[in-house]
Amino acid sequence: MAAKTCLVTGASSGIGHATALELLHAGHIVYGAARRVHMMGAIREAGGHALPMDVTKEDALQRVVRTILDEHQRIDVLVNNAGAVLHGAVEDTPLAMARDEFEVNLFAPARLIQLVLPQMRRQGSGTIVNVSSIGGELAFPLGAWYYASKHALEAFSDTLRRETRQFGIDVVVIQPGIIRTDFEAGTARQLREISGDGPYGQMAEAMARAAETPMEGGPASDPGVVARVIRQAVESDLPETRYVVGWQAEALLQLSRSLSDREFDARIAGLA
């Protein structure tokens, strides 16, 4: 198939880094974007482009999109992978932190989509991949703002898909399960700082200790499994609207769908 021009955000590590390399190895033109541009050497070595970008900065978003269009006059694929996680009880979490979470997980991808859509419409084609989580359907204790942002991203994606299908543009949601990355490296610290000393302290400490348990060699999936699914979606003439991938992803979603809310609450009570 013809090479596609792709932009992957959050490409300095984890799922984004693996996705950029997967698309490069498949013969596509790939621009990886992230704040930590020094961590994208492997993308450059594989023939890709590494661009600095803070997804919360309007000028940075515009500059990256303009660079790609200046160099290739088209953009075929946008993978919105950059994200942030926030852990703490609803009662304890400052709303300023909650707003920052939505800025990164919802408004930044939304703005990038606004910037690439005019060109995709002119082309009559394009694929927008929004990396969500099983947390786009589920919600566990001490992570309300993260789960709320992913729920919002999925609703946003559904509306976007229905608006843009007339222009030949596909919108895909990826729902990873438990993936072995450094994405939640700060989870234990956040839990203790935000909720460790209050009425949710016991729950926060239990979850913090669980987060500190090493995943190396454990059952969590490698980011590469998500990257391969993203490539499948990008290269498909008719991609699925959602892809569930990674350890425990399908099992937890099916469990949630098959139980009442009260029954599911009881099943996950030991997770925090």
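Numbering of residues begins at 1 and proceeds along the displayed sequence.
Here Arg267 does not pair with Glu263 in a salt bridge; the nearest charged N to carboxylate O distance is not below 4.0 Å. Asp158 and Arg242 are joined by a salt bridge, as a carboxylate oxygen and a charged side-chain nitrogen come within less than 4.0 angstrom of each other.
The environment of CH2 in Trp145 is sparse: at most 12 heavy-atom neighbours from other residues, nucleotides or ligands sit within 6.0 Å. Remark: Arg209 CZ is loosely packed, at most 12 non-hydrogen atoms of other residues, nucleotides or ligands lying under 6.0 Å away. Counting heavy atoms of neighbouring residues, nucleotides and ligands inside a 6.0 Å radius, atom CZ of Arg257 exceeds 12 of them. In Arg74, the CZ atom is crowded: over 12 heavy atoms of neighbouring residues, nucleotides or ligands sit closer than 6.0 Å. Open room surrounds CG on Asp261; 12 or fewer heavy atoms of other groups in view lie less than 6.0 Å from it.
Leu253 and Gln175 get closest at one heavy-atom pair: CD1-OE1, 3.9 Å. Between Ala110 and Phe156, the shortest heavy-atom distance links the atoms CB-CZ, 3.7 Å. Contact record, Ala3 with Gly27: CB-O, 3.2 Å, taken as the closest heavy-atom pair. Nearest heavy-atom pair, Arg231 versus Ala26, reported as atom, atom and distance to 0.1 Å: CD-CB, 3.4 Å. Looking at every heavy atom in both residues, Ser157 comes nearest to Asn130 through OG-ND2, 2.8 Å. Between Lys4 and Glu235, the shortest heavy-atom contact is NZ-CA, 4.4 Å.
Judged by distance alone, with hydrogens and angles left aside, the side-chain atoms of Glu240 form no donor-acceptor pair with the main-chain N or O of Val172 at under 3.5 Å. Judged by distance alone, the side chain of Ser195 and the main-chain N or O of Ala89 form a donor-acceptor pair under 3.5 Å. In this structure, the side chain of Ser236 does not engage the main chain of Ala233 through any donor-acceptor pair within 3.5 Å. Checked by atom type and distance alone, the side chain of Arg35 never pairs as donor or acceptor with a backbone atom of Asp54 at under 3.5 Å. In this structure, the side chain of Asp76 engages the main chain of Thr5 through a donor-acceptor pair within 3.5 Å. No side-chain donor-acceptor contact under 3.5 Å links His87 to the backbone of Leu191. Counting only distance, with no hydrogens or angles, the side chain of Asp222 and the backbone of Arg180 share no donor-acceptor pair below 3.5 Å. At least one donor-acceptor pair closer than 3.5 Å links the side chain of Ser221 to the backbone N or O of Trp247. At least one donor-acceptor pair closer than 3.5 Å links the side chain of His151 to the backbone N or O of Gly135. Here the side chain of Thr9 pairs a donor or acceptor atom with the backbone of Asn81 at under 3.5 angstrom.
Separation of atoms CG (Leu142) and OH (Tyr200) is listed at 9.0 Å; rounding is to 0.5 Å. Once rounded to the nearest 0.5 Å, the distance linking CD of Glu205 with CG of Asp197 reads 10.0 Å. Atom CG of Leu255 and atom CD1 of Ile268 lie 9.5 Å apart (nearest 0.5 Å). Atom CD1 in Ile134 sits 6.0 Å away from atom CD1 in Ile178 (nearest 0.5 Å). We find the CG-CD distance between Leu95 and Glu101 to be 13.0 Å, quoted to the nearest 0.5 Å. A distance of 9.5 Å separates OG of Ser125 from CG of Asp170, quoted to the nearest 0.5 Å.
Under the 4.5 Å side-chain heavy-atom criterion for Ile, Leu, Val, Met, Phe, Trp and Tyr, Val30 and Leu69 are members of distinct hydrophobic clusters. Following chains of ILVMFWY side-chain contacts shorter than 4.5 Å, one cannot reach Val77 starting from Val64, and the two form parts of different hydrophobic clusters. Hydrophobic clustering (ILVMFWY, side-chain heavy atoms < 4.5 Å, transitive): Val131 and Val245 are in one cluster. In the hydrophobic cluster analysis, where Ile, Leu, Val, Met, Phe, Trp and Tyr join through side-chain heavy atoms closer than 4.5 angstrom, Val90 is grouped apart from Phe102. Val171 and Leu115 fall within a single hydrophobic cluster, where Ile, Leu, Val, Met, Phe, Trp and Tyr side chains are chained together by heavy-atom contacts under 4.5 Å.
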Side chain to side chain contact (heavy atoms under 4.5 Å, CB included) between Leu153 and Asn105, intermediate numbers included: CA-CA 7 Å; Leu153 180 65; Asn105 290 355; over 6 Å; no
Before you tell me yes or no, could you show the steps for His25 and Glu22 under side chain to side chain contact (heavy atoms under 4.5 Å, CB included), namely the whole-Å CA-CA distance, both residues' side-chain angles and the distance that decides it to 0.1 Å? CA-CA 5 Å; His25 294 155; Glu22 181 73 21; 5.6 Å; no
After noting the C-alpha distance and the side-chain angles of Phe140 and Met207, does the key distance pass the side chain to side chain contact (heavy atoms under 4.5 Å, CB included) rule? CA-CA 11 Å; Phe140 299 99; Met207 188 176 286; 5.6 Å; no
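Between Val129 and Thr19 there is no side-chain heavy-atom pair separated by less than 4.5 Å. At least one side-chain heavy atom of Ile128 sits under 4.5 Å from a side-chain heavy atom of Leu117. Between Glu71 and Tyr31, the closest side-chain pair of non-hydrogen atoms falls below 4.5 Å. Between Met53 and Leu61 there is a side-chain heavy-atom pair separated by less than 4.5 Å. Between Arg36 and Ser13 the shortest side-chain heavy-atom distance falls below 4.5 Å. The shortest side-chain heavy-atom distance between Tyr147 and Leu138 does not fall under the 4.5 Å cut-off. Annotation: side chain of Met97 is in contact with side chain of Ile194 (closest heavy-atom distance under 4.5 Å). Taking the side chain as every heavy atom from C-beta outward, Gln119 and Gln123 approach each other to under 4.5 Å.
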